[in-house]
Amino acid sequence: MRCLDTQCCIAGGGPAGVMLGYLLARAGVRVVVLEKHADFLRDFRGDTVHPSTLTVMHELGLLQRFLQLPHQKLDRLEGWIEEEHVRIADFSGLRVPCPYIAFMPQWDFLDFLAGEARRLDGFQLLQRAEVTDLVRSGGRITGVVAQTPDGPLTVRAPLTVGTDGRHSTVRERAGLRRKDIGAPIDVLWFRVARDPSTFDHAFTHVRGGRILITLDRGDYWQCAYVIAKGSFDAVKAQGLEAFRESAARTAPALREHLAQLRSWDEVKLLTVAVDRLQTWSAPGLLCIGDAAHAMSPVGGVGINLAIQDAVATANLLADKLREGRVTDADVARVQARREFPTVVTQGFQVRAQNLLKPLLDGGRSPARAPLPMRLLSHWPWLRHQAARFVGLGVRPEHVASPDRRVQPVASAAGAPGG
(Lines give C-alpha, C1' and ligand atoms only; values in the text may rest on other atoms or scores of the structure.)
Protein backbone atom coordinates (compact mmCIF):
# COMPACT_ATOMS: atom_id res chain seq x y z
CA MET A 1 0.00 0.00 0.00
CA ARG A 2 1.31 3.44 -0.91
CA CYS A 3 1.86 5.88 1.96
CA LEU A 4 1.98 9.65 2.14
CA ASP A 5 2.93 11.80 5.15
CA THR A 6 1.73 15.35 5.66
CA GLN A 7 0.93 17.81 8.45
CA CYS A 8 -2.84 17.89 7.88
CA CYS A 9 -5.06 15.49 5.95
CA ILE A 10 -8.42 16.87 4.78
CA ALA A 11 -11.04 14.33 3.72
CA GLY A 12 -13.46 15.98 1.30
CA GLY A 13 -13.03 18.58 -1.43
CA GLY A 14 -16.11 20.71 -0.82
CA PRO A 15 -16.13 24.38 0.23
CA ALA A 16 -14.88 23.73 3.77
CA GLY A 17 -12.16 21.31 2.65
CA VAL A 18 -10.72 23.34 -0.22
CA MET A 19 -10.87 26.62 1.71
CA LEU A 20 -9.17 25.07 4.74
CA GLY A 21 -6.53 23.50 2.50
CA TYR A 22 -5.84 26.87 0.88
CA LEU A 23 -5.62 28.71 4.21
CA LEU A 24 -3.32 26.14 5.80
CA ALA A 25 -0.99 25.95 2.79
CA ARG A 26 -0.92 29.76 2.69
CA ALA A 27 0.21 29.64 6.33
CA GLY A 28 3.05 27.23 5.58
CA VAL A 29 1.36 23.95 6.53
CA ARG A 30 1.80 20.88 4.32
CA VAL A 31 -1.72 19.68 3.53
CA VAL A 32 -3.33 16.95 1.45
CA VAL A 33 -6.98 17.26 0.36
CA LEU A 34 -8.70 14.05 -0.78
CA GLU A 35 -11.74 14.31 -3.07
CA LYS A 36 -13.56 11.18 -4.24
CA HIS A 37 -14.79 12.68 -7.53
CA ALA A 38 -12.69 13.41 -10.60
CA ASP A 39 -13.94 17.03 -10.74
CA PHE A 40 -16.29 19.45 -9.00
CA LEU A 41 -18.95 19.32 -11.71
CA ARG A 42 -22.00 18.31 -9.70
CA ASP A 43 -25.20 20.27 -10.14
CA PHE A 44 -27.82 21.42 -7.65
CA ARG A 45 -25.37 22.25 -4.88
CA GLY A 46 -25.13 25.44 -2.86
CA ASP A 47 -24.66 28.26 -5.35
CA THR A 48 -25.24 31.27 -3.09
CA VAL A 49 -22.00 33.05 -2.18
CA HIS A 50 -22.96 35.39 0.65
CA PRO A 51 -21.31 38.66 1.72
CA SER A 52 -19.45 36.82 4.49
CA THR A 53 -17.69 34.57 1.96
CA LEU A 54 -17.04 37.46 -0.42
CA THR A 55 -15.43 39.33 2.49
CA VAL A 56 -13.12 36.37 3.12
CA MET A 57 -12.14 36.39 -0.56
CA HIS A 58 -11.40 40.11 -0.23
CA GLU A 59 -9.23 39.54 2.85
CA LEU A 60 -7.28 36.90 0.92
CA GLY A 61 -6.66 39.25 -2.02
CA LEU A 62 -8.68 36.98 -4.34
CA LEU A 63 -11.88 38.96 -4.75
CA GLN A 64 -11.08 40.87 -7.94
CA ARG A 65 -10.12 37.70 -9.85
CA PHE A 66 -12.99 35.76 -8.30
CA LEU A 67 -15.60 38.24 -9.49
CA GLN A 68 -14.35 37.90 -13.05
CA LEU A 69 -16.12 34.53 -13.09
CA PRO A 70 -19.70 34.59 -14.43
CA HIS A 71 -22.14 35.34 -11.62
CA GLN A 72 -25.35 37.20 -10.85
CA LYS A 73 -25.81 39.70 -8.04
CA LEU A 74 -28.79 39.97 -5.71
CA ASP A 75 -28.83 42.89 -3.30
CA ARG A 76 -32.26 42.25 -1.80
CA LEU A 77 -34.65 39.37 -1.18
CA GLU A 78 -38.31 39.76 -1.98
CA GLY A 79 -41.24 37.44 -2.53
CA TRP A 80 -44.94 36.89 -2.97
CA ILE A 81 -47.35 35.54 -0.36
CA GLU A 82 -50.45 34.92 -2.45
CA GLU A 83 -50.94 38.35 -4.11
CA GLU A 84 -49.04 40.31 -1.48
CA HIS A 85 -45.53 41.47 -2.34
CA VAL A 86 -43.14 41.23 0.62
CA ARG A 87 -39.64 42.59 1.12
CA ILE A 88 -37.48 40.33 3.26
CA ALA A 89 -33.85 41.50 3.37
CA ASP A 90 -31.81 44.37 1.93
CA PHE A 91 -28.07 43.70 1.67
CA SER A 92 -27.21 47.03 0.05
CA GLY A 93 -26.63 48.76 3.39
CA LEU A 94 -24.10 46.25 4.72
CA ARG A 95 -20.67 47.78 5.26
CA VAL A 96 -18.74 45.05 3.50
CA PRO A 97 -16.78 44.90 0.24
CA CYS A 98 -19.68 43.21 -1.57
CA PRO A 99 -23.12 44.04 -0.12
CA TYR A 100 -24.96 41.41 -2.12
CA ILE A 101 -25.33 37.66 -2.70
CA ALA A 102 -23.43 36.33 -5.71
CA PHE A 103 -25.05 33.41 -7.52
CA MET A 104 -22.32 31.23 -8.96
CA PRO A 105 -22.17 27.48 -9.67
CA GLN A 106 -20.36 25.78 -6.84
CA TRP A 107 -18.07 23.99 -9.27
CA ASP A 108 -16.81 27.38 -10.51
CA PHE A 109 -16.18 28.48 -6.93
CA LEU A 110 -14.27 25.29 -6.11
CA ASP A 111 -12.33 25.24 -9.39
CA PHE A 112 -11.19 28.81 -8.75
CA LEU A 113 -10.18 28.21 -5.14
CA ALA A 114 -8.42 24.93 -5.93
CA GLY A 115 -6.53 26.65 -8.74
CA GLU A 116 -5.32 29.32 -6.35
CA ALA A 117 -4.36 26.69 -3.77
CA ARG A 118 -2.29 24.74 -6.30
CA ARG A 119 -0.03 27.79 -6.61
CA LEU A 120 1.04 27.30 -3.00
CA ASP A 121 3.90 25.10 -1.86
CA GLY A 122 2.68 22.28 0.35
CA PHE A 123 -0.84 21.99 -1.10
CA GLN A 124 -1.91 18.74 -2.72
CA LEU A 125 -5.37 17.97 -4.06
CA LEU A 126 -5.83 14.28 -4.87
CA GLN A 127 -8.99 13.62 -6.87
CA ARG A 128 -10.61 10.24 -7.43
CA ALA A 129 -9.37 9.45 -3.91
CA GLU A 130 -12.27 8.22 -1.77
CA VAL A 131 -11.65 7.98 1.95
CA THR A 132 -12.91 4.61 3.19
CA ASP A 133 -11.41 4.26 6.67
CA LEU A 134 -9.35 5.88 9.39
CA VAL A 135 -5.86 4.93 10.53
CA ARG A 136 -5.38 4.59 14.30
CA SER A 137 -2.33 4.29 16.51
CA GLY A 138 -2.19 4.34 20.30
CA GLY A 139 -5.81 5.43 20.68
CA ARG A 140 -5.41 8.32 18.22
CA ILE A 141 -6.52 8.83 14.65
CA THR A 142 -3.34 9.26 12.63
CA GLY A 143 -4.65 9.46 9.07
CA VAL A 144 -6.94 7.84 6.53
CA VAL A 145 -7.09 5.08 3.96
CA ALA A 146 -8.32 6.13 0.52
CA GLN A 147 -9.14 4.15 -2.62
CA THR A 148 -7.57 5.60 -5.77
CA PRO A 149 -7.26 4.47 -9.41
CA ASP A 150 -3.73 3.30 -8.51
CA GLY A 151 -4.89 1.27 -5.54
CA PRO A 152 -5.16 1.95 -1.79
CA LEU A 153 -3.40 4.99 -0.38
CA THR A 154 -2.63 5.71 3.28
CA VAL A 155 -2.24 9.36 4.25
CA ARG A 156 -0.74 9.93 7.69
CA ALA A 157 -0.99 13.24 9.54
CA PRO A 158 -1.06 14.63 13.11
CA LEU A 159 -4.53 16.00 12.33
CA THR A 160 -7.24 14.67 10.03
CA VAL A 161 -10.15 16.99 9.20
CA GLY A 162 -13.43 15.53 7.98
CA THR A 163 -15.09 17.82 5.45
CA ASP A 164 -16.84 15.03 3.54
CA GLY A 165 -20.39 16.27 3.84
CA ARG A 166 -23.61 15.26 5.52
CA HIS A 167 -23.02 11.56 4.80
CA SER A 168 -19.50 11.73 6.21
CA THR A 169 -17.48 8.52 6.15
CA VAL A 170 -14.96 10.10 8.51
CA ARG A 171 -17.65 10.91 11.06
CA GLU A 172 -19.13 7.42 10.81
CA ARG A 173 -15.77 5.63 11.12
CA ALA A 174 -14.83 7.77 14.12
CA GLY A 175 -18.08 6.89 15.89
CA LEU A 176 -18.98 10.52 16.56
CA ARG A 177 -22.55 10.82 17.79
CA ARG A 178 -24.99 12.90 15.78
CA LYS A 179 -28.05 14.76 17.05
CA ASP A 180 -30.85 14.58 14.47
CA ILE A 181 -32.85 17.79 14.77
CA GLY A 182 -35.21 16.84 11.95
CA ALA A 183 -36.69 18.51 8.90
CA PRO A 184 -40.33 18.27 7.76
CA ILE A 185 -39.47 19.18 4.17
CA ASP A 186 -37.62 17.97 1.11
CA VAL A 187 -36.80 20.00 -2.00
CA LEU A 188 -37.13 19.27 -5.71
CA TRP A 189 -34.51 21.07 -7.82
CA PHE A 190 -35.01 21.83 -11.50
CA ARG A 191 -34.15 24.54 -13.99
CA VAL A 192 -36.08 26.41 -16.66
CA ALA A 193 -34.97 29.02 -19.19
CA ARG A 194 -35.36 32.74 -18.61
CA ASP A 195 -34.72 35.94 -20.53
CA PRO A 196 -31.33 37.27 -19.34
CA SER A 197 -32.41 40.83 -20.13
CA THR A 198 -35.03 40.75 -17.37
CA PHE A 199 -34.49 40.68 -13.63
CA ASP A 200 -36.89 39.81 -10.84
CA HIS A 201 -36.05 40.19 -7.16
CA ALA A 202 -38.88 37.81 -6.25
CA PHE A 203 -37.14 34.99 -4.45
CA THR A 204 -39.92 33.22 -2.55
CA HIS A 205 -43.34 32.35 -3.96
CA VAL A 206 -46.11 31.04 -1.69
CA ARG A 207 -49.45 30.39 -3.34
CA GLY A 208 -52.26 27.90 -2.78
CA GLY A 209 -50.32 25.87 -0.24
CA ARG A 210 -47.28 25.58 -2.51
CA ILE A 211 -43.79 27.03 -2.03
CA LEU A 212 -41.25 27.69 -4.78
CA ILE A 213 -37.86 29.42 -4.60
CA THR A 214 -36.39 30.92 -7.79
CA LEU A 215 -32.68 31.69 -8.16
CA ASP A 216 -31.59 33.91 -11.04
CA ARG A 217 -28.79 32.15 -12.94
CA GLY A 218 -28.57 34.48 -15.93
CA ASP A 219 -30.13 32.54 -18.80
CA TYR A 220 -32.09 30.14 -16.59
CA TRP A 221 -33.95 29.92 -13.31
CA GLN A 222 -32.74 27.38 -10.80
CA CYS A 223 -35.87 26.41 -8.92
CA ALA A 224 -36.47 24.78 -5.55
CA TYR A 225 -39.97 23.35 -5.11
CA VAL A 226 -40.65 22.54 -1.46
CA ILE A 227 -42.52 19.32 -0.65
CA ALA A 228 -43.44 17.48 2.54
CA LYS A 229 -40.78 15.10 3.82
CA GLY A 230 -40.86 11.76 2.00
CA SER A 231 -43.62 12.77 -0.46
CA PHE A 232 -41.64 12.67 -3.72
CA ASP A 233 -43.19 9.37 -4.83
CA ALA A 234 -46.67 10.81 -4.30
CA VAL A 235 -45.77 13.91 -6.32
CA LYS A 236 -44.44 11.75 -9.16
CA ALA A 237 -47.58 9.58 -9.09
CA GLN A 238 -49.66 12.65 -9.99
CA GLY A 239 -47.67 13.01 -13.21
CA LEU A 240 -45.21 15.49 -14.66
CA GLU A 241 -47.92 17.65 -16.21
CA ALA A 242 -49.54 18.14 -12.80
CA PHE A 243 -46.16 19.07 -11.35
CA ARG A 244 -45.52 21.63 -14.11
CA GLU A 245 -48.97 23.13 -13.58
CA SER A 246 -48.42 23.36 -9.83
CA ALA A 247 -45.11 25.16 -10.37
CA ALA A 248 -46.70 27.53 -12.90
CA ARG A 249 -49.50 28.46 -10.50
CA THR A 250 -46.98 29.13 -7.75
CA ALA A 251 -44.65 31.27 -9.89
CA PRO A 252 -46.61 32.43 -12.97
CA ALA A 253 -43.48 33.95 -14.59
CA LEU A 254 -42.22 30.40 -15.17
CA ARG A 255 -45.27 29.16 -17.06
CA GLU A 256 -44.10 29.77 -20.63
CA HIS A 257 -40.84 27.92 -19.97
CA LEU A 258 -42.03 24.94 -17.94
CA ALA A 259 -42.90 22.92 -21.04
CA GLN A 260 -39.12 22.44 -21.40
CA LEU A 261 -39.29 20.18 -18.35
CA ARG A 262 -39.91 16.90 -20.18
CA SER A 263 -38.77 14.17 -17.79
CA TRP A 264 -38.55 13.40 -14.10
CA ASP A 265 -34.84 12.85 -14.77
CA GLU A 266 -34.59 16.66 -14.88
CA VAL A 267 -36.02 16.95 -11.36
CA LYS A 268 -33.54 16.18 -8.58
CA LEU A 269 -34.57 15.31 -5.04
CA LEU A 270 -32.69 16.99 -2.18
CA THR A 271 -33.46 15.10 1.01
CA VAL A 272 -33.25 17.80 3.65
CA ALA A 273 -31.48 17.01 6.92
CA VAL A 274 -30.74 19.19 9.92
CA ASP A 275 -28.32 17.67 12.40
CA ARG A 276 -25.10 18.34 14.26
CA LEU A 277 -22.44 16.40 16.08
CA GLN A 278 -22.46 16.43 19.86
CA THR A 279 -18.67 16.44 19.77
CA TRP A 280 -16.87 17.62 16.65
CA SER A 281 -13.49 16.09 17.46
CA ALA A 282 -11.63 13.02 18.69
CA PRO A 283 -7.91 12.54 19.34
CA GLY A 284 -6.26 13.42 16.03
CA LEU A 285 -9.56 14.29 14.27
CA LEU A 286 -11.84 17.27 13.64
CA CYS A 287 -15.07 17.54 11.64
CA ILE A 288 -16.33 20.84 10.20
CA GLY A 289 -18.86 21.99 7.62
CA ASP A 290 -21.68 19.61 6.75
CA ALA A 291 -19.74 16.73 8.33
CA ALA A 292 -20.26 18.49 11.68
CA HIS A 293 -23.63 20.12 11.03
CA ALA A 294 -25.99 19.50 8.13
CA MET A 295 -27.99 22.64 7.38
CA SER A 296 -31.42 23.14 5.88
CA PRO A 297 -31.51 25.00 2.54
CA VAL A 298 -33.49 27.77 4.29
CA GLY A 299 -31.51 30.97 3.75
CA GLY A 300 -28.93 29.25 1.55
CA VAL A 301 -26.35 29.56 4.33
CA GLY A 302 -24.77 26.08 4.23
CA ILE A 303 -21.75 26.83 2.01
CA ASN A 304 -21.10 30.06 3.86
CA LEU A 305 -21.23 28.46 7.31
CA ALA A 306 -18.77 25.83 6.05
CA ILE A 307 -16.41 28.58 4.85
CA GLN A 308 -16.66 30.28 8.25
CA ASP A 309 -15.74 26.97 9.93
CA ALA A 310 -12.67 26.68 7.69
CA VAL A 311 -11.52 30.24 8.45
CA ALA A 312 -11.92 29.70 12.19
CA THR A 313 -10.05 26.39 12.02
CA ALA A 314 -7.12 27.97 10.20
CA ASN A 315 -7.07 30.94 12.56
CA LEU A 316 -6.88 28.66 15.59
CA LEU A 317 -4.65 25.85 14.33
CA ALA A 318 -2.43 26.94 11.41
CA ASP A 319 0.62 28.04 13.40
CA LYS A 320 0.43 25.07 15.76
CA LEU A 321 0.12 22.60 12.88
CA ARG A 322 3.09 24.17 11.11
CA GLU A 323 5.19 23.98 14.26
CA GLY A 324 4.06 20.43 15.13
CA ARG A 325 2.58 21.33 18.51
CA VAL A 326 -1.19 21.08 18.01
CA THR A 327 -3.03 19.47 20.93
CA ASP A 328 -6.46 17.90 21.33
CA ALA A 329 -7.46 20.92 23.42
CA ASP A 330 -6.47 23.21 20.53
CA VAL A 331 -8.64 21.20 18.15
CA ALA A 332 -11.60 21.27 20.54
CA ARG A 333 -11.48 25.08 20.48
CA VAL A 334 -12.90 25.00 16.94
CA GLN A 335 -16.18 23.59 18.22
CA ALA A 336 -16.16 26.06 21.10
CA ARG A 337 -15.86 28.85 18.56
CA ARG A 338 -18.28 27.61 15.89
CA GLU A 339 -20.99 25.71 17.77
CA PHE A 340 -22.91 28.79 18.92
CA PRO A 341 -23.50 30.22 15.40
CA THR A 342 -24.44 26.73 14.22
CA VAL A 343 -27.04 26.25 16.96
CA VAL A 344 -28.56 29.70 16.45
CA THR A 345 -28.73 29.31 12.66
CA GLN A 346 -30.26 25.84 12.85
CA GLY A 347 -32.79 27.12 15.39
CA PHE A 348 -33.87 29.80 12.94
CA GLN A 349 -34.08 27.25 10.12
CA VAL A 350 -36.19 24.87 12.18
CA ARG A 351 -38.64 27.63 13.08
CA ALA A 352 -38.89 28.64 9.42
CA GLN A 353 -39.46 25.03 8.37
CA ASN A 354 -42.18 24.59 10.99
CA LEU A 355 -44.00 27.61 9.59
CA LEU A 356 -44.04 25.89 6.19
CA LYS A 357 -45.23 22.49 7.41
CA PRO A 358 -48.96 23.29 7.74
CA LEU A 359 -49.01 24.42 4.10
CA LEU A 360 -47.37 21.23 2.91
CA ASP A 361 -49.72 19.07 4.98
CA GLY A 362 -52.60 20.24 2.83
CA GLY A 363 -53.40 23.50 4.54
CA ARG A 364 -54.16 26.74 2.78
CA SER A 365 -51.83 29.64 2.30
CA PRO A 366 -52.48 32.48 4.73
CA ALA A 367 -54.86 35.16 3.51
CA ARG A 368 -51.99 37.57 3.91
CA ALA A 369 -48.33 37.49 4.76
CA PRO A 370 -47.46 36.44 8.33
CA LEU A 371 -46.81 39.28 10.76
CA PRO A 372 -42.98 38.93 10.69
CA MET A 373 -43.05 39.29 6.88
CA ARG A 374 -45.27 42.36 7.08
CA LEU A 375 -42.97 43.96 9.65
CA LEU A 376 -39.95 43.31 7.41
CA SER A 377 -41.76 44.88 4.47
CA HIS A 378 -42.59 48.06 6.39
CA TRP A 379 -39.40 48.61 8.41
CA PRO A 380 -36.12 49.07 6.48
CA TRP A 381 -34.14 48.68 9.72
CA LEU A 382 -35.55 45.17 10.17
CA ARG A 383 -34.67 44.27 6.58
CA HIS A 384 -31.12 45.41 7.28
CA GLN A 385 -30.95 43.16 10.36
CA ALA A 386 -32.32 40.25 8.34
CA ALA A 387 -29.61 40.92 5.75
CA ARG A 388 -26.93 40.85 8.46
CA PHE A 389 -28.21 37.54 9.80
CA VAL A 390 -28.49 35.85 6.39
CA GLY A 391 -25.54 37.53 4.69
CA LEU A 392 -22.95 37.69 7.47
CA GLY A 393 -24.14 35.14 10.00
CA VAL A 394 -24.16 35.12 13.78
CA ARG A 395 -20.37 35.24 14.28
CA PRO A 396 -18.59 36.32 11.08
CA GLU A 397 -15.03 35.05 10.85
CA HIS A 398 -12.17 37.10 9.43
CA VAL A 399 -8.87 35.78 8.12
CA ALA A 400 -6.26 35.91 10.89
CA SER A 401 -4.11 32.94 9.86
CA PRO A 402 -0.68 34.07 8.67
CA ASP A 403 0.38 34.49 5.05
CA ARG A 404 3.77 32.81 4.81
CA ARG A 405 4.08 32.77 1.06
CA VAL A 406 7.48 33.89 -0.20
CA GLN A 407 7.01 37.35 -1.69
CA PRO A 408 9.15 38.27 -4.72
CA VAL A 409 11.95 40.72 -3.96
CA ALA A 410 12.62 43.45 -6.51
CA SER A 411 16.11 43.30 -7.98
CA ALA A 412 18.51 46.20 -7.56
CA ALA A 413 18.22 46.93 -11.26
CA GLY A 414 14.47 47.22 -10.98
CA ALA A 415 14.47 49.31 -7.83
CA PRO A 416 13.88 53.07 -8.00
CA GLY A 417 17.08 54.88 -8.74
CA GLY A 418 18.87 51.62 -9.60
Side-chain angles (χ1 to χ4, degrees), residues 1-14 16-18 20-25 27-36 121-178 276-293 309-310 312-339 401:
M1 181 182 295
R2 293 178 302 136
C3 294
L4 184 62
D5 291 306
T6 190
Q7 292 176 300
C8 183
C9 174
I10 299 174
V18 178
L20 179 59
Y22 175 84
L23 289 168
L24 291 180
V29 178
R30 289 183 291 108
V31 59
V32 173
V33 180
L34 302 169
E35 166 56 38
K36 67 180 180 180
D121 291 338
F123 178 88
Q124 281 186 273
L125 172 62
L126 303 181
Q127 294 175 292
R128 295 193 295 171
E130 181 175 4
V131 173
T132 57
D133 208 349
L134 300 175
V135 178
R136 291 177 170 85
S137 177
R140 298 186 62 81
I141 293 164
T142 57
V144 302
V145 176
Q147 295 299 320
T148 76
D150 298 321
L153 170 68
T154 297
V155 181
R156 294 192 178 95
L159 179 65
T160 296
V161 183
T163 60
D164 50 343
R166 63 182 58 200
H167 304 296
S168 170
T169 298
V170 168
R171 178 179 69 193
E172 188 270 329
R173 293 290 188 270
L176 298 178
R177 298 180 62 183
R178 179 176 63 91
R276 62 178 176 266
L277 292 179
Q278 295 179 7
T279 303
W280 296 19
S281 60
L285 175 71
L286 171 68
C287 288
I288 62 172
D290 277 2
H293 46 74
D309 285 357
T313 301
N315 289 347
L316 292 168
L317 303 182
D319 273 343
K320 294 182 178 183
L321 280 169
R322 185 178 60 84
E323 296 166 4
R325 56 184 180 88
V326 68
T327 68
D328 295 340
D330 294 327
V331 174
R333 289 175 63 199
V334 175
Q335 179 177 357
R337 173 76 186 177
R338 294 303 305 161
E339 188 170 34
S401 52

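For clarity, every value in this text was computed on a predicted model and none was experimentally measured.
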| query | Could you go step by step and tell me if Leu4 and Gln124 meet the side chain to side chain contact (heavy atoms under 4.5 Å, CB included) rule? | reply | CA-CA 11 Å; Leu4 184 62; Gln124 281 186 273; 4.0 Å; yes
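- One finds the CH2 atom of Trp280 at 8.5 Å from the OG1 atom of Thr313 (value rounded to the nearest 0.5 Å).
- In terms of heavy-atom proximity, Thr169 sits nearest to Asp164 at N-OD2, 2.9 Å.
- For the atom pair CG (Leu285) and CZ (Arg136), the distance works out to 9.0 Å, reported to the nearest 0.5 Å.
- Thr148 and Arg2 form a side-chain donor-acceptor contact under 3.5 Å, judged by distance and modelled atom types alone.
- If you take CG on Leu176 and OG on Ser168, they are separated by 8.0 Å, rounding to the nearest 0.5 Å.
- What you find for Ala11 and Val170 is that their closest heavy atoms are CB-CG2, 3.6 Å.
- Pairing each heavy atom of Val331 with each of Leu317, the nearest pair is N-CD2, 4.0 Å.
- Distance check: Asn315 CG to Arg333 CZ gives 10.5 Å after rounding to the nearest 0.5 Å.
- Rounded to the nearest 0.5 angstrom, Leu125 CG and Gln127 CD are separated by 4.5 Å.
- Checking side-chain atoms of Thr163 against main-chain N and O of Gly12 turns up a donor-acceptor pair under 3.5 Å.
- Taking 4.5 Å as the limit, some side-chain heavy atom of Arg171 sits within range of a side-chain heavy atom of Leu277.
- Annotation: the span from Leu316 atom CG to Arg338 atom CZ amounts to 10.5 Å, rounded to 0.5 Å.
- The heavy-atom pair separating Phe123 from Ala25 by the smallest distance is CB-CB, 3.7 Å.
- The backbone N or O of Arg30 sits less than 3.5 Å from a side-chain atom of Gln7, completing a donor-acceptor pair.
- Within the 4.5 Å cutoff, the side chain of Thr279 has heavy atoms near those of the Gln335 side chain.
- Put simply, the side chain of Asp328 does not reach to within 4.5 Å of the side chain of Ser281, judged on heavy atoms.
- Under a cut-off of 6.0 angstrom, the local environment of CZ in Arg177 is sparse, with at most 12 non-hydrogen atoms contributed by other residues, nucleotides or ligands.
- In Arg140, the CZ atom is crowded: over 12 heavy atoms of neighbouring residues, nucleotides or ligands sit closer than 6.0 Å.
- Nearest heavy atom pair, residue Ala27 against residue Ala318, reads CB-CB, 3.8 Å.
- Taking each heavy atom of Ile141 and Ala282 in turn, the nearest pair found is CD1-CB, 4.4 Å.
- The environment of Arg178 atom CZ is dense: over 12 non-hydrogen atoms of other residues, nucleotides or ligands sit within 6.0 angstrom.
- Contact check for Leu153 versus Leu126: side-chain heavy atoms found under the 4.5 Å cut-off.
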